[in-house]
Every structure is written in structure tokens, then in C-alpha cells.
Amino acid sequence: MRLYSLSAFKLVFILLLGMVCLSLMAHHYLSNMANFDTQPPSHKTRRIDSYADDPDPNSRSLSAYQHEIEELRHIKASVNNELRDLENRRLKLQSDINAYSMNIDSLKGQHVSLNKEVNQIKLALEQLKFEQQESKSFIPNIKAPHRILLDVDVNEQVSMPSSSQQCYMENCFDFSRCSLVSGFPVYFYNLKNSLAGQDLIPFLRKYVRENVYATDSAAAACIFILIVGDTADDASPDPKEIESFLHRLPYWNGDGRNHILINLALKMKSSDIFSNINLGRAIVAQSAFLGSKFRNSFDVLIPPNLGPYNNQNIWQDLPLLSPVRRKYMLSYWGQFIPPGSDNLSANNADATEVKGYVNNMFIHRKPLYVVDTSTSVYSHIEQAIISSLKSFQSSLVSNYFVDVSCGEHGVAVGGPGDWALCGTEAVRKEKIIQSTFTLIISPLNNALYSTLAFQSRVYEALKHGSVPVILGSLGQLPFSEVLRWDLAAIVLPMPRVTEIPFYLQSFPDEQIAALRLQGRVFFQNYLSSLQSIFDTLLAEVRTRLQIPAHPIRDEPSISVFPASFIPLKYQGPDMEPESDELLGPVESPFPSETYRYNFSHTMQINAFNVRGDPFHLYPHTPFEPWLPSEAKFLGSNYGFRPVGRGAGGDGKEFGEALGGNSPREQFTIVMLTYDREVVLIQALHRFKGLPFLNKVIVVWNGENPPSSDLRWPEIGVPVEVVKTGKNSLNNRFLPFDVIETEAILSIDDDAHLRHDEIVFGFRVWREERTRIVGFPGRFHAWDVKHQSWNYNSNYSCELSMVLTGAAFFHKYYTYLYSYVMPQAIRDKVDEYLNCEDIAMNFLVSHITRKPPIKVTSRWTFRCPGCPTTLSSNSSHFEERHQCINFFTQVYGYTPLYYTQYRVDSVLFKTRIAHDKMKCFKYI
């Protein structure tokens, strides 16, 4: 082995020595050649001859050698200069090559960019041609309706129906005054001359002044409203005086057509002052009706006014909806008043069970029939009910509270044949607020359509979060023409009284929670205050007439710049495109269609029974239905852009059309900023060429306007810089009138999203229009120690919120956030200068009962070069903990839901053929 190594070493040494010698010989040869080329022929000849003639070179003198050495040095210097020149030329050529290569790469990039622009232009031209053809076949033909009836003398006497019970909207209401496009003008009679109590007048004046339907022109009015009610004393006015007063009204016209008489029950002992009065064709709205007086689908049953005048801070008086199951499964406290009894204590509240009916509720279940109105039959039924109720407590089911006697607390309100309320509201609250269900027994007197005692029980049960259990079909609930009470209450026939425990125990927690939540919505929106009662009454009558509500108002967009100011334009180079993907056509901005469901009766009725706002008409909502898939190819194709004209396709066809289940649309970017001009301009640059973008709204929260020398980039769509009244994070969600699209992308000025991420998020939102669709996810975590919620931003496999610093949502939610959501939440956001994104997540989850949608792998956004942000404050997270718990108090529960998935594109990480394209390259 050693010999082999030594031989190899010798071989390498010999090779190296040979190479060195060869190099020296080559250098010597080249030097001689260079010298030979530079010297004249005679000189070369003499030199050769001198060497040839010199028989002994050793005899040459030292000077000759020195001269020769000097010549060699000159030769070496000349060679070095030439080599240096060659190297310089080589470096120059290399530099030129590099420059040409860079130029080629730049030209290639320009070619790709121009090719992309050409493809986009071609696509845009195809879209324009398609749109032109589409517009020819779709020509809306909507004209104002004609008057329903011919004009008649308003003083003309029209004969009344044969019976007051035969009064319906068709024969007792003048539709000619209420065209579908009239706007529902309402004339309120002068409150000075009304029959309402003086303590009501200040509130009523304010209400009339702020009501959008109120008109001073009686000639243009659709309906006329007269408000009557409790006066300062308890004395009831004389019926003849009331009738005379009504007939003297200037627009009564003999029969009171199109009049609504509102009888407010401000006290628990209010009476029906219209019971013995000829009201003609006037609509009556009150809480207590006799069966012989109520005209179905004409008169309106309203709740008693037992709350405050306005809707402010109603939530403060309401309990939390959890725990779902309370101390008592069911509670009842009341006392039956027999017919013809003037003494409320005449009821034998301590009577025992009636023989033959309820000896044991688990054995004998005989039906109860109200076959007569005699006192003996009332007593029979009443005793059977009382016996059943007492058996609840005496049975093995111990979590029932039943008291069928008012005892020392006395009767609060009640009449013959009715189940009276006992004690004060505070005493009753102690039991109701501890009850999962509250039993409410309908009047046994067939002559009673509705009583104050019955309506008051419904009001208190909903207020204190107990699910009403209505026993008996005679009990009528307020505003039942538009409210689906089966979503908030349980109605049982009276013969089921013995089976109540079994029936209620069958309800799971989820169903109880849903009933309680819907009851809270009904209470807050329609029963809680005098304002809500008035609003609901007008809305119910307006819905009868198929007249749409008044449009919700948009927020005026005041430019931050003076009218004469012309912003400077950016003149520098554009940012390099992030990708050569064709993400969609670059179209001219166009608005979303608005008010397509103005007169849809189904949509109007449905608005009363969902969480939201039924009192205004919205330009569009996220709940509008989709067409069947084939409809867009069979005549209902306006606005649709199917992928591959319906044939589908891979990424190429996908990038050319928006597709989906909705007509084509665009989105608006809303960006909140505060004194960060450089960051803002950089953000605007990134939006250039973004497909489907309609415009950019910059919400300027700064006290001072932007610098006059600030140069604004041209990004292909309008950029509106909107001035705000104050520095508030709530301004992010104002429904500005310049937002003309349904889709809004709310984005922070320091959030950097690629175009493909934005377009993908927009496509996902189009399929989940009711939800927040965005990028950074967060969640709420339960603090076991403190029994409260914490805000958490750690990486997690569950999330319940998507930050609105980079998220899509529907413009509908900006209206709800700014005008409908409790003011206390917006005040808390202003107090902390924080939590507006949590508030929006609470709102949307409350409306939809669904979690948000997270798209792509984005979890957070970092901007190292940006100025200090609000989230860097040490108190930021503590404030967000407190916000979640405060918002829970306002809503009465935590509406946030968890989700365990995120959304990526269909072909993401899918192996496809080399000649096919994915939907997105990186998503």
C-alpha cells in the first residue's frame, strides 16, 4: 500500500514539473515571437547573425547581457500591457453581456406583463361584448303603478258593512290613499287635543318629530293616528264624550276610515275605553279586547306599555340567557277570578282536586272541554287546572314552583274569568328569573279575546328570560300577524295540562336556548318600550298594505380635500407585479344592484322573525336567495359569468370568469388610517391592477388633512379619501354612500396581501355572503379560574373570530353596526380605542349564528418599518378581554362560535397534468 502511494506521488510530481517547464517554454517562445514582430527586419537579422558569428557566447561582455535583459523587460511590460488590455476588453464584454442579459430578462418580464395585459384586455373586450348582448335582451320595464281606486269625494258617505265583525282591510280601508310607492305617509293628530295623558306628550312630540313617515299634509296622508290612553287620574272618560270627540276630528269623514286609534295601557288597571263606542272603520290598537269587539286582520293587538319610553340601554334590565336550565323547571303564580265575582278573594284558591279529573296526573288524563260559560263549568275547569298544578309539586318532580293564591300580596290585575296577577312586579320577578319556563293560562271566559293580565305575564316572562308556556288556545299574543310566536313560546291546548311536566322535560338544552334567545329578540325589538311598540304597530300596518319600509340612510362621504384642491399624481415607476397569473378581468367600476326586493311580501314578513332590523329597507342583504343552477342558462342569465360559459374548466377558464352562484360583482376596499402617509401610499400602490376592485375608500381618522405635496398613485380605480368627525375606530364600519358594492374588504394600511389572496378571499365570500371571510384568525378562551372569557391570539386549531384588518363582509353589516347595534358597544370601542373588530364579529355571529371563515395560511401581519400600532400597547390584550365580557353582557350571551377549518382553493396540492393549470398557483 505504501509503495502504491509513493508511486502515485512520483507520478504527480513529474506531471507538475512537466507542466511548469512547458509553461516556461511557451512564455519564452511567445516573448521571442513578440520581439521578432516588433523589431525591423534588419535588426533581427543582425541579432541572429551576431549570435551565429559569435563562436563563444561566454566571451560576450556584461553590457551586452544587460542590454538583452533590458529588452526582455520591455517585452514583458509590453505583454503585460496587452494582457491587461485584453482583460479590460474581456471585463467590458462580460459587463455588456450581463447588461444584455438583464435587458433580456427585463424584456421577458415586460413581455409577460404585456401579454398578461393583452389577455386581460381581450378578456375585458369579450366581457363587454357579452354585456352588450346581455343588455339588449334584458330591458327592465317598471312603471309607477296606477291608483287602485278612482278619486272620490273624501266626504262621500260609504255604507258600513252589515256587522262590525265584517270589517276587513278590503271593505273598511281606503287603499287609494296608500299607493305602493306612496312611502306610507302618516298624519299624527295634534297632541294638545288628544286623549293621552300629559306625561306622554313630551315623548310623543319627540317621536313624531323624528319619525320618517310623519307628514304635516293631511291631504297626502295614508293613515291618521290618534293616541289615547291613561290620564292623570284613574277615572275613565265618558263613552259619549269620546265618541263625540272622534266624530269632531277634522279628517274623520264620518266613519274614521284609515284612522288608527292607539289605546296605551300605561297602568295595570287600564280599561278598554272603546268598548261601547261606534268606531266606524277606524282600526283599534290596544292590549285588552273583548271577543265581540276584536276584528281579525283589522284591529291590532299590542302589548301593554310597561317599559320605558325609548329603547336606550334596554339590555341593562335583562338577565343573561345562561345557564339554560334554572332553579325551577316551571313556575306559576296567579289566582283565578270566577265570572260575576266582584270580590277577588271569592276564588277558592285552596280547593282540592276535582273528583273525576285529576287524581293522579300520571294515570288519569281526561280532556277538558269549555262547553258553556256558566259559573259552574268555569269552577269545574278551574279546579281541574289547579289540581293538576298542585300535583306537579306533590309529585316526584320537585323543581316546579306553583302558587294558585295571591295571599297577602293581593291581586295586581285581573277580571272575571281570568287568571289574575299577584303581587308587585319585583316580587314576581324573583320567581320568573329563576324559572326555565313560565306557565301562562289563557282566560277561561270565551268573551275575553285578550286581557291585561295575560299580556303582562307574556311581557314579564320574555323580559326575565323565561320561556312562556301558553296553556289554552284562547290566549292571543301581540303582533301575531307578523311575529312567529312558535319560535319564542310554547302553546299547548288546555287538556294537555296534566302532561306539562313530561312535555317540558323532553326539550333539549339547545331548543330551550333557541326559544329564549328568540324571546329576547322579540322583547327588545317589539315589546320593551313605547317606542318599539309604536314602530312595530306602524310596521305591521305598512306590511299589510305591501308598502316597503323607509330606506336605511347612508353615511355622507365628505372629502378630506377642499373642493378646489387637485391632489398631485405619482410619477415614479410602478411596483413589479407579484405574479404573472391571470386572476380575472380588469373591468370598469360598476355598482351592485340595489333594492331588488322592495315589494316582496315574503321578505318583509321574514324580517320580523330574524335577528336584525325589520323597520328599514336595505339596498341589499346577504340573505337573498340563489337561483337554481340551470336557471342562468334558461333565461335568467343576466349578470352571470359561468366558468367556461358553463362547461367549466381548469385554472385558465377559472381566471377568465367569476363563476359562482351569484351575478358578477365587484368589491370596495375600505382602509382606515391615521397620520401614516408613507405607509398609506405604499398600500395604495399594491392595489394597482387588482381584478374586481370597484374603488378604494380611505377613511382619514387624522385631525389634520394629508400633506398637500403628497403624491397619490393612479391604480385604475377611484380613490376616495373621506373625512371623519372624530378619531374613532367605529369609523371603519360606517356605511358611506360612496360604497356602491355589497362586498367590502376592510384592510389595515399596514396589511400586505397579495392579489391572488385578495381575489381568492373575494371568491370565497361570494359563496358565504352572510359571514366574515378573512385572513388572521383569533379565538375566545374560557378562563376557568375567573369564570369569564379571554381574548387569545395564539396559534390554535380552533378560531371564533377573523380580524377585520383583512376581511371581507357585506355592507349590510355596516348599517347594523352603525345604527342598530346597541350604542353601549360603540361607546366601549371609543373608550378603549380598541375592540371594533371583536364587536363586528359579535354582531355577525349574532345575526347568522355561524362562525367566520378563514382563508389561506395567513395568521398575522407584520410591518417592521411601520410606526407604532395600537396593538403594541401593553394594555391592548387586557382591554380585549374586558370587551368580550362586556359585549356578552350587552347581548345577554356570547354569540361567537368555533370553527376548525380554513379554506383553500379546490386544486390546491392536487396533482394535475402538465398541460393543465391550477385555480391559483400558491393557494
Over all heavy atoms of both residues, which pair between [X] and [Y] is shortest? Give the atoms and the distance, please.
X      : Y      : value
Lys463 : Leu318 : O-CD2, 3.3 Å
Val284 : Asp299 : N-OD1, 3.0 Å
Asn609 : Val482 : ND2-O, 3.0 Å
Gly465 : Pro319 : N-CG, 4.3 Å
Asn841 : Pro852 : OD1-CG, 4.1 Å
Arg516 : Val324 : NH2-O, 2.8 Å

Can you confirm whether or not the ring centre of [X] sits under 6.0 Å from the ring centre of [Y]?
X      : Y      : value
Tyr893 : Trp789 : no
Phe842 : Phe887 : yes
Tyr791 : Phe877 : yes
Phe523 : Tyr459 : yes

Please check: side-chain N/O of [X] versus main-chain N/O of [Y], any donor-acceptor pairing under 3.5 Å?
X      : Y      : answer
Ser287 : Ile302 : yes
Gln335 : Cys406 : yes
Ser442 : Gly475 : yes
Trp419 : Ile337 : no
Asn834 : His876 : yes
Arg428 : Cys422 : yes
Thr436 : Arg326 : yes
Thr438 : Ser466 : no
Gln787 : Val784 : yes
Ser387 : Gln383 : no

Side-chain H-bond candidate by donor/acceptor type, [X] with [Y], under 3.5 Å:
X      : Y      : value
Gln455 : Ser450 : yes
Glu425 : His464 : yes
Asn310 : Tyr207 : no
Asn794 : Asn792 : yes

Beyond-backbone contact of [X] with [Y], side-chain heavy atoms, under 4.5 angstrom:
X      : Y      : answer
Leu471 : Met494 : yes
Arg778 : Leu803 : yes
Ile512 : Arg325 : yes
Val404 : Phe336 : no
Arg771 : Pro851 : yes
Gln476 : Phe294 : no
Ser456 : Leu306 : yes
Tyr503 : Arg496 : no

Give the ring-plane orientation class for [X] versus [Y], where under 30° counts as parallel, over 60° as perpendicular and anything between as tilted.
X      : Y      : answer
Phe522 : Trp485 : perpendicular
Phe203 : Phe534 : parallel
Phe392 : Tyr400 : tilted
Tyr328 : Phe401 : tilted

Does the side-chain contact (heavy atoms from CB on, under 4.5 Å) test come out yes or no for Lys327 and Asn399, once each step is laid out?
CA-CA 7 Å; Lys327 178 180 179 180; Asn399 59 340; over 6 Å; no
Let's go through Arg457 and Leu421 carefully: what are the C-alpha distance in whole Å and the side-chain angles of both, what is the deciding distance for side-chain contact (heavy atoms from CB on, under 4.5 Å) to 0.1 Å, and is it a yes or a no?
CA-CA 8 Å; Arg457 288 184 185 276; Leu421 276 167; 3.6 Å; yes
Can you confirm whether Gln511 is buried at CD, in the sense that more than 12 heavy atoms of other residues, nucleotides or ligands lie under 6.0 Å from that atom?
yes
Under 6.0 Å from the CD atom of Gln316, do we count more than 12 heavy atoms belonging to anything else shown?
yes
For [X], enumerate each residue passing the side chain to side chain donor-acceptor pair (under 3.5 Å) test, keeping only those at least two apart in sequence or located in another chain.
X      : value
Thr888 : Thr894
Ser800 : His780
Asn885 : none

Taking [X] first and then [Y], would you say they form a salt bridge - that is, a charged N and a carboxylate O separated by under 4.0 Å?
X      : Y      : answer
Asp837 : Arg880 : yes
Asp486 : Arg484 : yes
Glu831 : Lys828 : yes

Within this structure, what is the [atom1]-[atom2] distance for the pair [X] and [Y], rounded to the nearest 0.5 Å?
X      : Y      : atom1 : atom2 : result
Phe437 : Leu515 : CZ    : CG    : 7.0 Å
Ile884 : Ile838 : CD1   : CD1   : 4.5 Å
Gln531 : Thr536 : CD    : OG1   : 10.0 Å

Among Tyr815, Tyr813, Tyr812, Phe809, which residue satisfies the ring-ring contact (aromatic ring centres under 6.0 Å, His included) criterion with Phe733?
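Of the listed options, the one satisfying the test is Phe809.
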